Each structure stands twice: as C-alpha cells, then as structure tokens.
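Inspection log for the structure reproduced underneath, given as structure tokens.
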Amino acid sequence: MSLLFNWVFGRLRNKILLAFSVLLTAGVASVVWVSTSLTFRDSMNSAYAAAAEISKGLLIQFEQEVFQAQVRSRFWVMHTQETEKLTQLVQGDPNIGGIALLNIPERKIEVQAYNSALSSLHANPKLNLTPEEIEVIAGKFSLEEETEGLFYQVQKIGDQNFHQISQALVVEGGKLQKVLLTFLDSKPLTRSFEQAGVYEKFLFDSEGKILLRSFETGGLGAPVDSTFPKEFMAPILSAPKQFNNTQIRWVTAGEMGQPFIGHTYRSQIPGLNVAVLSPTVSLLETVYAVARRSVYLGLAILSLALVFGTLFSDSIVKPLIGLLEGTLRISKGDFSFRLKAQSQDEVSRLTNAFNSMAEGLAERERIKEVFGKFHSKAVFQKLLKEDRIRLGGERLPVTVFFSDIRSFTSKSEAMTPEQVVEMLNEYMSEMVSVIEKYGGVVDKYVGDAIMAIWGMPEPNPAVDAENALRACLEMREKLAELNEKRKSRGQDLIEIGMGLNSGEVIAGNIGSPSRMEYTVIGDTVNTASRMESLTKEFKTDLLVSETTQNLIIDKNQFAFEGPFEAHAKGKAEKVQIFGCSGPRANQVLDAA
C-alpha cells in the first residue's frame with residue numbers, strides 16, 4: 001500500500017492527471033449548465049414573443065380609440081363652432097369629455113364644450129387656459145416637420161383623469177393658427193388595459209409618467225402620480241427613432257423588487273409608449289426547476305472535486321508556499337533561509353535547486369561585502385557591470401588628492417604597534433568620511449598617506465574640483481576636532497599636508513591577469529603627490545595646483561593665497577600653486 005501511495009503521490013505528472021480528472025468532472029457540469037442555459041434562452045424568447053404580440057395589439061387598440069375620438073372632435077369643429085351644438089355632440093359621446101379650439105395668434109380660447117362631468121368644472125383654471133399656457137401648447141408643434149402631429153398628455157381635473165390630445169388644426173403661410181384640444185374620458189380607455197394573465201400593461205409618456213396601468217390595487221388608481229421605472233423606460237426611449245419597439249431583458253423594478261421581462265412599443269402619437277411586462281418567476285417556473293436540479297448536480301460534483309483536491313493539495317501547495325516564502329525572504333536579504341524537501345517529485349527537485357541558489361546568493365553577497373571594503377561603491381558598481389574584467393584603462397579628467405601625516409615615522413617609533421594602528425584607524429575614519437561625503441573615492445592607503453580621486457568613474461571637472469577643495473577644508477576642521485580629543489587624552493597631535501591637482505589620468509585595471517587593481521596613473525597623480533610634499537616647504541597644510549584652481553567657477557567663495565612658483569619633481573618648468581586658508585566670510589562648506 002505504501003508503494004502505491006508513493007507511486008501516486010511521488011510524481012507531479014500523476015498529480016496533473018488527477019487534476020485533469022477533476023477538470024473532466026467540471027466539463028460534465030458545464031454541459032449540464034449549457035443545456036439548461038439553452039432551455040432558459042428558448043423559454044425567454046417565447047416569453048418575449050408573447051409580450052411583443054400583446055404589446056403590439058394593445059397599442060393598436062389604444063391608438064384606434066384615440067384616433068377615432070380625435071377624428072370625431074375634429075369633424076365637429078370643422079362643421080360648427082356653436083357652443084350649444086358642440087356641447088350636445090360631446091354629451092352624446094361616451095369617450096369624449098370635452099373640446100376646446102385655441103386661437104394661437106390671439107392666445108385665447110375661441111370655443112369650448114364639455115360633457116356633464118366637466119361642465120361643473122368650467123371655471124377650473126386648467127380649462128380656462130391663460131395666454132402663457134396657450135403659448136406652451138403652440139410651442140410643442142414643429143411646423144417644419146409635422147404640422148398634423150398629435151401631442152398627448154394627462155391632466156387631473158377635480159378627482160378625474162382626463163387624457164388631452166393637442167392637434168394642429170389650421171396652418172396658414174407656414175404659421176400655426178389654431179389648435180384643437182380633445183379631452184378623453186379615461187374610463188373607456190381602461191378596457192384596453194385590463195389584466196392579461198401574468199402580463200402587466202403600461203401606458204407612459206416620454207418623461208416616464210404612467211398614464212394608464214393594469215396591476216394597481218383597485219384598478220388603475222392615480223396613474224398621473226406614478227412614475228414608470230427607469231430601467232423599463234430606458235430601452236425604448238434610448239432607441240433610434242426608426243425603431244418603434246424594444247425588448248426588456250432581465251431588469252429589476254425598484255418599486256416591484258423582482259426581475260421582469262417584457263416588450264415596449266413606441267406609439268405613432270409623439271411621446272406615447274406602451275409596455276407589457278411579466279415577472280420572470282411566473283413565466284420561467286419550469287426553467288427554474290431545471291436550473292435548481294443543475295445546481296444540485298453541480299454541488300455534488302463540486303463536493304467530489306473538493307474531496308480529491310484536499311487529498312492532493314498539500315503535496316503541491318505547501319512546497320510552493322515554502323518556495324514563495326523563501327523567495328520573499330531572500331529578496332529582503334535573508335540568504336540563510338533553507339527549505340526541506342518533503343517528497344521525491346519535481347517539486348522536491350525544485351526545492352533542492354532553490355537551496356543551491358540560496359547558497360550561491362549568500363556566497364555572492366559575502367564576496368560583494370568583502371570586495372566593497374576595498375573599492376568605492378561607484379567603482380564597485382562599474383566593475384560589476386562589465387561582462388569580463390580585464391586589463392586596460394580609459395582617459396578621465398579627475399581631481400587627485402594626496403594627504404600625509406607629518407613626522408609620522410618619528411612619532412610611530414615612540415608608540416607600540418597597537419597604538420600606531422589605533423591612531424591611524426581613528427584618523428583615517430574621520431578623513432575618509434569627509435572624502436566620501438563630498439563624492440570622493442579613496443583609491444589607496446600608503447602607510448599614513450591617503451590618495452583619493454574625484455570624478456571616477458563619472459567625471460564632472462568643475463564640480464569635482466570644488467568638491468575636492470571643500471573636502472580638504474572640512475578635513476582641516478575635523479582634524480582640529482580630533483586633535484582636541486587626543487590632547488585631552490594626553491596623546492600627540494597630528495599634523496598633515498594635503499595637495500590637490502586636476503587633469504587627465506588613465507583609470508582602469510592595472511596589474512596582471514591573475515592580480516589586478518582598479519586605480520589611476522599619470523602625470524596628474526605625480527603632480528598631486530608633489531603638491532602634498534611642497535606643503536612643508538611653504539609651511540601650510542594645503543596646496544592647490546593652478547589647474548584645480550582654474551576649474552573652480554566661483555573662486556571668490558574661497559580665500560586663495562598666491563599664486564606661488566615651485567619646482568615639481570620630474571618637471572623642467574615651474575608650476576603655479578595656491579594656498580587656501582578657508583572659505584571667505586559668510587561662506588558655508590557643504591557637499592555640492
């Protein structure tokens with residue numbers, strides 16, 4: 001049994017095969033889901049088709065009622081404008097509640113007649129229109145597009161709802177002269193909006209105001225005060241004008257709180273729309289039953305998949321989590337982290353490879369740390385970027401610095417070796433920190449002497465020269481502070497000489513293929529060393545060559561002394577040198 005277990009769990013390939021078996025199970029579930037989806041789609045399409053037929057028939061029936069009433073009222077007004085005769089005609093029509101003929105140029109009502117329901121409301125402000133209200137009605141007509149158009153709206157007069165049709169009646173010379181208002185009684189119109197099985201019917205205008213609806217308790221209720229849900233209204237209102245019908249798919253009405261499907265139609269009467277909706281629960285009960293069974297089957301398959309997944313997940317996931325944790329720790333510099341292989345599969349081999357990589361990175365980091373002690377960061381990075389370290393160099397314009405402790409030999413003879421090393425370490429720590437602060441690179445130590453370079457490996461001659469001089473002046477201050485400490489400890493004071501020179505050098509790897517050093521050589525280096533040795537002759541601690549002094553852009557910020565002439569070793573001609581007592585008044589030393 002143990003051999004079988006190791007065979008099954010000991011190879012990543014076998015684990016992948018098991019994963020594929022789970023995927024096949026998921027594939028079966030997908031087939032079940034697709035078949036259910038197709039059944040659902042067919043049922044939905046049937047529901048949409050039924051809603052489309054009902055909404056289309058509803059709109060035709062309603063428009064017939066409206067157009068017939070509008071034609072009758074127009075016929076009456078065209079044949080007589082006597083109030084008494086028009087009133088008799090209106091009283092005899094169960095669908096028309098009243099008519100009013102508006103004179104647009106004069107902004108007045110020429111003639112009006114109402115049935116018994118409206119006659120008692122004759123003094124109502126909504127019937128006796130003001131000139132401003134007549135102007136608003138006239139403004140709805142676009143004479144360029146359609147002067148014979150109808151505009152439909154609902155008004156609540158008293159406790160009754162009256163549907164008002166505005167119709168352009170007379171147009172002369174391209175100007176609107178008369179408009180006919182026809183008031184329809186809402187009660188006969190409700191016959192078209194009776195409940196049709198599970199479908200609800202709506203009549204709404206372009207602003208979403210419900211004019212008629214079929215599913216409110218107690219009949220239509222107060223449709224003028226209702227608002228059609230935006231998610232139902234949006235499809236038809238946002239459709240291009242050439243489309244007069246749209247389907248409503250899977251929207252949820254806020255006030256009804258459940259998904260609906262349906263169909264909307266845009267009427268020939270501007271701003272008038274109908275909609276037929278039904279809750280999906282009522283239409284798709286069979287589909288929901290199939291969907292529930294599919295869900296139950298999917299849950300059963302998922303349970304089986306979880307059982308298999310639990311059996312095999314630990315052998316794959318845990319090693320990967322360990323690898324992730326190790327990678328993160330190594331990325332943060334913890335190269336001591338190691339993983340333990342738990343099996344004999346490919347993940348185990350990956351774990352061993354990770355441990356080997358961690359050991360290699362740890363060794364590389366130790367080499368970098370040690371190597372960094374012997375070279376500056378800038379030089380170190382330059383060497384790391386080279387594909388192959390080899391002998392050779394390049395010309396660079398730099399500023400070279402030399403310093404030396406005065407009478408070091410005689411002082412060291414009176415000290416123990418330990419005291420000499422302690423003095424040098426304390427002195428060089430202070431000096432080197434200043435050099436690095438101002439961007440210098442310590443090239444080498446020769447006994448008590450320090451050689452530093454500014455401009456290696458990326459030169460900027462003017463800035464390098466000024467930074468080197470500022471570093472020398474600050475080293476002078478640091479040495480004074482160090483001597484105060486030594487004096488308090490009863491130790492000898494330290495005196496130094498410093499020299500600066502600027503020019504071209506050869507910078508690169510010098511030596512042999514088996515042992516090389518990154519340094520600089522050239523006449524510029526020799527002259528800088530000569531500058532330092534001349535400090536004794538000129539009784540100062542700092543001398544600057546003419547080439548360095550010339551590179552400094554703002555020379556007035558330093559108190560230079562000179563120039564002085566001096567013989568440099570190996571040079572036939574005299575060289576110009578300068579002393580520097582420090583920065584001028586109000587000048588502050590700082591790294592550029």
Side-chain angles (χ1 to χ4, degrees), residues 60-131 133-138 140-141 147-171 176-194 203 205 209 211-212 219-220 222-224 267-272:
I60 293 173
Q61 184 178 357
F62 180 79
E63 286 180 341
Q64 287 177 348
E65 295 279 353
V66 173
F67 285 135
Q68 289 174 3
Q70 175 262 332
V71 169
R72 291 197 299 274
S73 64
R74 178 174 179 171
F75 179 80
W76 296 340
V77 171
M78 295 295 291
H79 287 78
T80 181
Q81 294 188 11
E82 295 180 11
T83 301
E84 184 176 351
K85 290 183 178 181
L86 289 175
T87 301
Q88 291 177 357
L89 293 171
V90 171
Q91 293 284 4
D93 195 311
N95 295 337
I96 299 178
I99 58 177
L101 183 62
L102 306 182
N103 188 315
I104 299 304
E106 297 180 12
R107 301 296 189 266
K108 69 178 184 178
I109 300 176
E110 284 192 356
V111 62
Q112 53 186 346
Y114 306 99
N115 63 12
S116 57
L118 283 177
S119 60
S120 61
L121 302 172
H122 183 71
N124 190 292
K126 292 192 176 183
L127 297 177
N128 295 324
L129 300 173
T130 65
E133 291 173 328
I134 295 176
E135 178 70 26
V136 172
I137 293 174
K140 295 180 179 179
F141 293 88
T147 59
E148 298 298 326
L150 301 179
F151 293 95
Y152 198 99
Q153 68 182 76
V154 173
Q155 293 196 61
K156 193 173 184 66
I157 303 175
D159 60 350
Q160 298 185 46
N161 293 320
F162 286 86
H163 294 239
Q164 175 185 305
I165 305 172
S166 303
Q167 177 187 10
L169 193 63
V170 179
V171 178
L176 184 65
Q177 301 296 318
K178 294 183 180 182
V179 171
L180 175 64
L181 302 183
T182 303
F183 295 91
L184 303 179
D185 194 336
S186 63
K187 292 181 180 179
L189 297 174
T190 60
R191 291 192 298 268
S192 303
F193 284 82
E194 293 178 352
L203 178 71
D205 62 17
K209 184 182 295 183
L211 308 180
L212 291 173
L220 298 175
V224 176
S267 174
Q268 299 179 48
I269 303 174
L272 203 60

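Owing to the predicted nature of the structure, the values given are computational and were not obtained by experimental measurement.
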For Glu84, check salt bridge (Lys or Arg N to Asp or Glu O under 4.0 Å) against everything at least two apart and list the hits.
-> none
Is there a side-chain contact between Trp76 and Val90 (heavy atoms, below 4.5 Å)?
-> yes
How many angstroms lie between [atom1] in [X] and [atom2] in [Y], if you round to the nearest 0.5 Å?
{"X": "Ile134", "Y": "Ile109", "atom1": "CD1", "atom2": "CD1", "answer": "5.5 Å"}
{"X": "Gln112", "Y": "Leu101", "atom1": "CD", "atom2": "CG", "answer": "10.5 Å"}
{"X": "Thr83", "Y": "Gln88", "atom1": "OG1", "atom2": "CD", "answer": "11.5 Å"}
{"X": "Ile99", "Y": "Arg74", "atom1": "CD1", "atom2": "CZ", "answer": "13.0 Å"}

Option among Leu102, Leu169, Ile165 that satisfies the side chain to side chain contact (heavy atoms under 4.5 Å, CB included) test with Leu181 | Leu102
Shortest non-hydrogen contact from [X] toward [Y]:
{"X": "Tyr114", "Y": "Gln91", "result": "O-NE2, 3.6 Å"}
{"X": "Thr80", "Y": "Lys85", "result": "OG1-CD, 3.9 Å"}
{"X": "Val111", "Y": "Gln81", "result": "CG2-O, 3.4 Å"}

Donor-acceptor contacts, no H, no angles, side chain residues 62-73, under 3.5 Å, sequence neighbours left out:
unit_1	atom_1	unit_2	atom_2	d
Glu63	OE2	Ser267	OG	2.5
Glu63	OE2	Gln268	N	2.9
Gln70	NE2	Gln167	OE1	2.7
Arg72	NE	Asp93	OD2	2.6
Arg72	NH2	Asp93	OD1	3.3
Arg72	NH2	Asp93	OD2	3.2
Ser73	OG	Ala69	O	3.3
Ser73	OG	Gln70	O	2.9
Ser73	OG	Thr182	OG1	2.8

Show your reasoning for whether side chain to side chain contact (heavy atoms under 4.5 Å, CB included) applies to Ile96 and Asn115.
-> CA-CA 8 Å; Ile96 299 178; Asn115 63 12; over 6 Å; no
Sorted by chain and residue number, the side-chain hydrogen bond (donor to acceptor under 3.5 Å, both in side chains) partners of Lys108 (sequence neighbours excluded) come out as Glu106
